[in-house]
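Quick note: numbers below take in every heavy atom, side chains included, and nothing from hydrogens, waters or symmetry partners.
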Amino acid sequence: MKITPIKQDDIFDYRADFPILSNTMNDKPMAYLDSASSAQKPQAVLDSLKNLYETHYANIHRGLYQFSQETTLAFESVRSKVADFINAPGAEDVIFTRNSTEAINLVAQSWGATNLTAEDEIILTEMEHHANIVPWQMLSEEIGFKIKTIPVTDTGELDFDAFLKLLTPNTKFLSMVHISNALGTINPVEKFVTAAKDFYREIKVLIDGSQSVVHGTVDVQSIGCDFFCFTGHKLYGPNGVGVLWVRRDILANMPPYQGGGDMIETVSFIDGTTYKSGAARFEAGTPAIAEVIALGAAIDYLRTIGMDKIAAHEKRLLDIMMRDLSAVEGLTFYGTAQAKAGVVSFTAEWAHASDIAMILDQQGVAVRTGHHCCMPLMARFGVDATVRASLGLYSNEADIQALVRGLKKAKEMLD
């Protein structure tokens with residue numbers, strides 16, 4: 001992911017597009033620094049949800065009346081928007097899920113359960129979110145394959161040389177996060193994918209893009225992966241919708257993950273059930289109709305601004321935040337890679353992360369604390385929790401100043 005620096009005199013202020021940010025928190029101006037957990041929603045997304053329910057809501061795909069036809073067209077158009085957004089070859093390979101977690105479970109229970117054996121090995125990384133660990137552990141308990149992990153260096157980067165040593169003739173699958181939600185590290189996924197495919201062309205690769213689609217431009221064809229997933233609520237869209245893209249030749253041979261309406265061609269007690277092809281085979285039941293359409297609105301909104309422009313804005317703020325936080329005594333930072341997105345994790349020698357967060361809350365500053373669904377990574381660094389401040393396109397220098405003031409206040413009270 002390339003980030004072009006933004007000029008100091010460039011105007012970048014889209015805060016007014018997010019109604020919630022005009023509110024106060026504990027009678028203080030709100031500094032929302034928890035976008036890595038879930039982003040706030042622009043007016044365009046809120047309007048999309050409201051408009052659908054007020055003007056032409058109906059179930060999709062089978063209704064022959066106007067409302068159903070209009071809603072179906074709006075829903076299906078989002079596949080093309082998603083494909084363009086991540087530069088996927090075709091919209092027909094885009095599956096809508098509830099979130100990244102469901103997307104990874106889908107891959108595990110469909111592709112993994114069909115293709116992995118007890119003799120196989122898969123590779124994950126030490127910085128994975130639990131959503132990209134637990135589904136594979138569950139499947140391993142059933143099948144018996146071995147899980148290996150790429151270690152993380154002291155700067156919060158993946159050890160590429162160690163990865164190369166993990167590859168064996170038994171390696172069948174690699175799954176890795178594009179940007180660490182806990183450290184902000186931008187992993188050079190193209191380098192890892194190329195190395196895996198050069199070792200053995202048939203190794204399949206999944207990239208968890210839950211953070212990367214938020215912070216810059218993504219190109220799945222350039223990455224060279226076989227699966228790519230992300231979730232809507234981090235991408236300024238609504239909850240309850242995620243995306244899984246699968247390379248077409250792999251998708252064609254994956255068995256259904258769940259059964260029910262909308263993924264079937266025919267059902268018979270005598271002849272059994274036949275299934276739809278492609279993405280439709282993995283979308284059982286009534287989908288999150290309004291949420292998918294609103295995800296399309298979020299993508300439209302982001303593309304109007306420009307993902308490169310958003311990335312540059314966040315990079316400038318990240319530099320400011322690292323500079324200003326470094327002036328606060330007693331902080332230890334985790335994840336100091338050169339390639340880094342707008343996520344800063346730290347501990348303080350003078351207080352526990354949870355105590356700091358509660359005082360920041362009283363100062364109107366929203367941050368995340370805990371293990372960030374990355375307990376193996378926390379164990380790697382020997383901590384049980386960090387304070388995580390994460391940037392969004394609506395973040396500004398005032399948010400950073402509020403965080404620094406709040407930390408100094410916390411130090412005065414707790415040290």
So ring pair (Phe, Tyr, Trp, His ring centres under 6.0 Å) across residues 67-91, not counting sequence neighbours, yields His61-Phe75, Phe75-Phe96
Legend entry - Evaluation steps, side-chain contact (heavy atoms from CB on, under 4.5 Å), between Met378 and Asp384: CA-CA 6 Å; Met378 295 296 108; Asp384 64 348; over 6 Å; no
Donor on one side chain, acceptor on other, Asp361 and Asn26, under 3.5 Å = yes
Evaluate Arg380 against Asp154 for salt bridge (Lys or Arg N to Asp or Glu O under 4.0 Å), listing each step before the verdict.
CA-CA 9 Å; Arg380 156 65 179 86; Asp154 290 342; 2.6 Å; yes
- For Val218 and Asn87, run side-chain contact (heavy atoms from CB on, under 4.5 Å): C-alpha distance rounded to whole Å, both residues' side-chain angles, the deciding distance at 0.1 Å, then the answer. CA-CA 7 Å; Val218 166; Asn87 195 32; over 6 Å; no
Review point. Does a side chain donor of either Thr24 or Asp27 reach within less than 3.5 Å of an acceptor in the other side chain?
Key: no
Cut-off 3.5 Å, side chains only: do Ser140 and Gln137 have a donor facing an acceptor?
no
Interatomic distance, CZ@Arg405 vs CG@Leu360, rounded to 0.5 Å, equals 11.5 Å
Are the charged groups of Asp226 and Lys197 less than 4.0 angstrom apart, N to O?
yes
Rounded to the nearest 0.5 Å, the OH atom of Tyr236 sits from the CZ atom of Phe18 at a distance of 6.0 Å
Checklist entry - So, do Val107 and Trp136 sit near enough that their side-chain heavy atoms are less than 4.5 Å apart? => result yes
Evaluate Asp249 against Arg247 for salt bridge (Lys or Arg N to Asp or Glu O under 4.0 Å), listing each step before the verdict. CA-CA 6 Å; Asp249 60 318; Arg247 209 178 73 207; 2.8 Å; yes
For Gln66 and His56, which I'm curious about, is there any donor-acceptor pair between the side chains at under 3.5 Å? no
#### Entry: Whether Ser395 side chain and Gly392 backbone form a donor-acceptor pair below 3.5 Å
yes
- Item | Heavy-atom check, side chain of Val243 versus side chain of Val94, under 4.5 Å | yes
Exercise for the section: Examine the side chains of Thr347 and Thr386 and answer whether a donor and an acceptor come within less than 3.5 Å of each other. Expected result: no
Classify the side-chain pair Asp47/Gln43 by whether it contains a donor and acceptor separated by less than 3.5 Å.
yes
Between Ser68 and Asn59, is there a side-chain donor-acceptor contact under 3.5 Å, judged purely by atom types and distance? no
Q) Can you find a heavy atom in the side chain of Val246 that is under 4.5 Å from one in the side chain of Asp93? A) no
- Message: Would Ile356 and Leu407 count as a side-chain contact (heavy atoms from CB on, under 4.5 Å) here? Give the steps.
- Response: CA-CA 7 Å; Ile356 294 171; Leu407 286 171; 3.6 Å; yes
* **Worked check of side-chain contact (heavy atoms from CB on, under 4.5 Å) between Met176 and Ile123** => CA-CA 8 Å; Met176 62 187 301; Ile123 299 176; over 6 Å; no
_Testing the 3.5 Å rule here: is there a donor-acceptor pair between the side chains of Ser35 and Tyr394?_
yes
Between Ser175 and Asn132, is any side-chain donor less than 3.5 angstrom from a side-chain acceptor?
yes
4.5 Å side-chain heavy-atom contact, Val82 and Ile299: yes
| Stepwise, does the ring pair (Phe, Tyr, Trp, His ring centres under 6.0 Å) test hold for Tyr334 with Phe346? | CA-CA 6 Å; Tyr334 301 90; Phe346 58 90; 9.1 Å; no
| task | Taking the six-membered ring of Phe227 (Phe, Tyr or Trp), confirm whether the NZ or CZ of Lys204 is under 6.0 Å from its centre and within 45° of its axis. | result | no
**Prompt:** With a 4.5 Å heavy-atom cut-off, do Ile293 and Thr71 have their side chains touching?
**Reply:** yes
*Run the numbers on Asp319 and Arg323 for salt bridge (Lys or Arg N to Asp or Glu O under 4.0 Å), then give the verdict.*
CA-CA 6 Å; Asp319 291 342; Arg323 180 199 69 194; over 6 Å; no
Students often mix this up, so state it plainly: with edges at 30° and 60°, are the rings of Phe12 and Tyr14 parallel, tilted or perpendicular? perpendicular
For Asp300, the salt bridge (charged side-chain N to carboxylate O under 4.0 Å, His left out) test, sequence neighbours excluded, returns Lys81
Only one of Arg281, Arg248, Lys276 passes salt bridge (Lys or Arg N to Asp or Glu O under 4.0 Å) with Glu92, and that residue is Arg248
Would you check if there is a donor-acceptor pair between the side chains of Ser345 and Arg388 at a distance under 3.5 Å?
no
Can you classify the ring geometry of His130 versus His371 as parallel (below 30°), tilted (30 to 60°) or perpendicular (above 60°)? tilted
_If we count only N and O atoms by modelled type, under 3.5 Å, do the side chains of Gln401 and Glu397 hold a donor and an acceptor together?_
no
query: Quick one: does His178's side chain get under 4.5 Å of Ile223's, heavy atoms only?
result: yes
Sorted by chain and number, sequence neighbours left out, salt bridge (charged side-chain N to carboxylate O under 4.0 Å, His left out) with Glu283 holds for Arg79
